[in-house]
Amino acid sequence: MTTDRAATLRRLHVPGSPLILPNVWDAASARAVQEAGFPVVATGSAAVSRVLGYADGESTPVGEMMAAIARIARAVDVPVTADVERGYGLAPAELAERLAEAGAVGCNVEDSDPRTGELVDAGAQADFLAGMRAAAGDALVINARVDTYVRGLRDRAAAVSRGRRYLEAGADCVYPITLADEGEIAALVAEVGGPVNILFRPKAPSYARLAELGVARISFGGGLHQAAHAYTQGLLTAIAQGHDPYTT
């Protein structure tokens with residue numbers, strides 16, 4: 001079953017017909033995504049961390065994060081891919097094992113240290129991904145985050161170099177998080193040689209345009225949770241001001 005779900009997730013990464021992943025934060029939001037007809041559920045680490053009472057950046061104890069992923073996986077009947085930041089200090093094989101135990105068949109792994117903000121050596125990150133692949137075989141779809149853009153390095157050659165190394169190490173997709181310029185997306189897709197994930201944010205290219213650019217996966221990170229939380233804050237403000245929150 002696990003290998004079948006991983007194969008389904010992997011097959012849905014189609015350049016030009018991207019898999020759209022509205023990232024979730026708990027079992028209820030996961031069920032809502034499935035009920036809306038999406039074929040895969042993806043967690044967002046920032047959102048899950050906030051729901052659990054922690055800041056983003058690997059502040060969440062690994063046991064609590066894996067328990068949250070497990071609750072989400074139990075709540076739905078579709079493949080689940082989990083955002084696991086830099087891996088919470090686990091060795092590659094242990095990280096792959098913990099994901100399998102939680103019921104996830106995919107994961108995001110960052111190539112920068114969330115505590116320092118520094119990029120991890122590309123060779124070391126490739127070795128980490130290769131270790132996960134060796135441990136999990138085909139039962140895990142690995143989305144390798146490329147953090148050059150989010151860390152302020154506007155160098156496509158560096159992003160492409162990292163992306164290629166990660167794909168060669170066994171990653172299924174690369175994720176140059178925060179990259180939004182259409183020309184740069186098209187160039188990176190053409191040069192990296194594998195499926196590319198783009199983060200959808202306000203003012204990002206439309207889904208249709210990202211498809212035209214050859215993107216294979218579109219995700220939302222913590223954006224949907226931020227929007228839902230802001231809406232909740234509005235309801236609470238209405239109540240505090242003595243208004244009916246349902247008609248305000």
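The first residue in the sequence is number 1, and the count goes up from there. Keep in mind that the numbers below use all heavy atoms, side chains included, and drop hydrogens, waters and symmetry copies. This one's a predicted model, so the numbers in the text were calculated from it and none came from an experiment.
Contact of the N23 side chain with the L224 side chain is not registered, since no non-hydrogen atoms from C-beta on lie closer than 4.5 Å. A heavy-atom distance below 4.5 Å is not found between the side chains of V109 and Y166. Side-chain contact between T81 and V40: present, with at least one pair of heavy atoms (C-beta onward) separated by less than 4.5 Å. A 4.5 Å side-chain heavy-atom check between L140 and C107 finds at least one atom pair inside the cut-off. Using a 4.5 Å cut-off on side-chain heavy atoms (C-beta onward), I69 and M66 make contact. L19 is not listed as a side-chain neighbour of V14, based on a closest heavy-atom distance of 4.5 Å or more. Side-chain atoms of D111 and L119, non-hydrogen and from C-beta on, do get closer than 4.5 Å to each other. A heavy-atom distance below 4.5 Å is not found between the side chains of R156 and V192.
Cluster annotation: V196 is not connected to L9 through the hydrophobic network of ILVMFWY side chains, with a link wherever side-chain heavy atoms come within less than 4.5 Å. Cluster annotation: I185 and I20 are assigned to the same hydrophobic cluster (Ile/Leu/Val/Met/Phe/Trp/Tyr, side-chain heavy-atom contacts under 4.5 Å, transitive). Both Y207 and V33 are assigned to one and the same hydrophobic cluster, defined by single-linkage of ILVMFWY side chains at heavy-atom distances under 4.5 Å. Under the 4.5 Å side-chain heavy-atom criterion for ILVMFWY residues, a single connected hydrophobic cluster contains both V174 and L210. Under the 4.5 Å side-chain heavy-atom criterion for grouping Ile, Leu, Val, Met, Phe, Trp and Tyr, V105 is not connected to V41 through any hydrophobic cluster.
Between the side chain of D113 and the main chain of E118, no donor-acceptor pair closer than 3.5 Å is present. When atom types are taken as modelled, the side chain of R10 and the backbone of D138 share a donor-acceptor pair closer than 3.5 angstrom. For the pair E58 (side chain) and R86 (backbone), a donor-acceptor distance under 3.5 Å is present. At least one donor-acceptor pair under 3.5 Å links the side chain of T8 to the backbone N or O of D4. Between the T43 side chain and the D83 main chain, a donor and an acceptor come within less than 3.5 Å of each other.
E184 contributes atom CD, which lies 9.5 Å from atom CZ of R154 (distance to the nearest 0.5 angstrom). Here the OG atom belonging to S59 is positioned 11.5 Å from the CD atom belonging to E64, to the nearest 0.5 angstrom. Atom CD1 of I177 and atom OG of S112 lie 9.0 Å apart (nearest 0.5 Å). Considering CG of N143 and CZ of R217, their distance stands at 4.0 Å, rounded to 0.5 Å. Annotation: the span from Q241 atom CD to L236 atom CG amounts to 11.0 Å, rounded to 0.5 Å. The structure places CD of E97 at 7.0 Å from CD of E94, a figure rounded to the nearest 0.5 Å.
Scored by the salt bridge (Lys or Arg N to Asp or Glu O under 4.0 Å) test, R133 finds D172 as partners (sequence neighbours excluded). For Y88, the ring pair (Phe, Tyr, Trp, His ring centres under 6.0 Å) test picks out no residue, with sequence neighbours left out.
Across all their heavy atoms, V76 and R5 have their closest contact at O-NH1, 4.4 Å. Shortest non-hydrogen contact noted between I218 and V215 is CG1-CG1, 4.1 Å. In terms of heavy atoms, V189 sits closest to G214 at CG1-O, 3.7 Å. Taking each heavy atom of S45 and D56 in turn, the nearest pair found is OG-OD1, 3.8 Å. N108 approaches Y175 most closely through the heavy-atom pair ND2-CE2, 3.7 Å. Among all heavy-atom pairs drawn from A216 and P15, the shortest one is CB-N, 3.7 Å.
A donor-acceptor pair shorter than 3.5 Å cannot be found between the side chains of Q125 and R145.
Considering I198, V146, V160, L213 in turn, V160 is the only one that fulfils the side-chain contact (heavy atoms from CB on, under 4.5 Å) rule with L188.
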*Would you sort out whether L99 and M132 count as a side chain to side chain contact (heavy atoms under 4.5 Å, CB included), showing the intermediate values?*
CA-CA 11 Å; L99 284 163; M132 291 188 71; 4.1 Å; yes

*asked:* Test side chain to side chain contact (heavy atoms under 4.5 Å, CB included) on T60 and V48; report intermediate values, then the result.
replied: CA-CA 9 Å; T60 305; V48 173; over 6 Å; no

*Check the pair F38, L21 against side chain to side chain contact (heavy atoms under 4.5 Å, CB included), reporting the backbone distance first and the verdict last.*
CA-CA 8 Å; F38 292 94; L21 298 172; over 6 Å; no

_Steps toward side chain to side chain contact (heavy atoms under 4.5 Å, CB included) verdict (T178, R201)_ = CA-CA 8 Å; T178 74; R201 300 189 295 170; 3.9 Å; yes

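Between F220 and F200, the two ring planes are tilted [angle within 30° to 60°].
Under 4.0 Å is where a charged nitrogen must lie from a carboxylate oxygen, and between E212 and R209 at least one such pair does.
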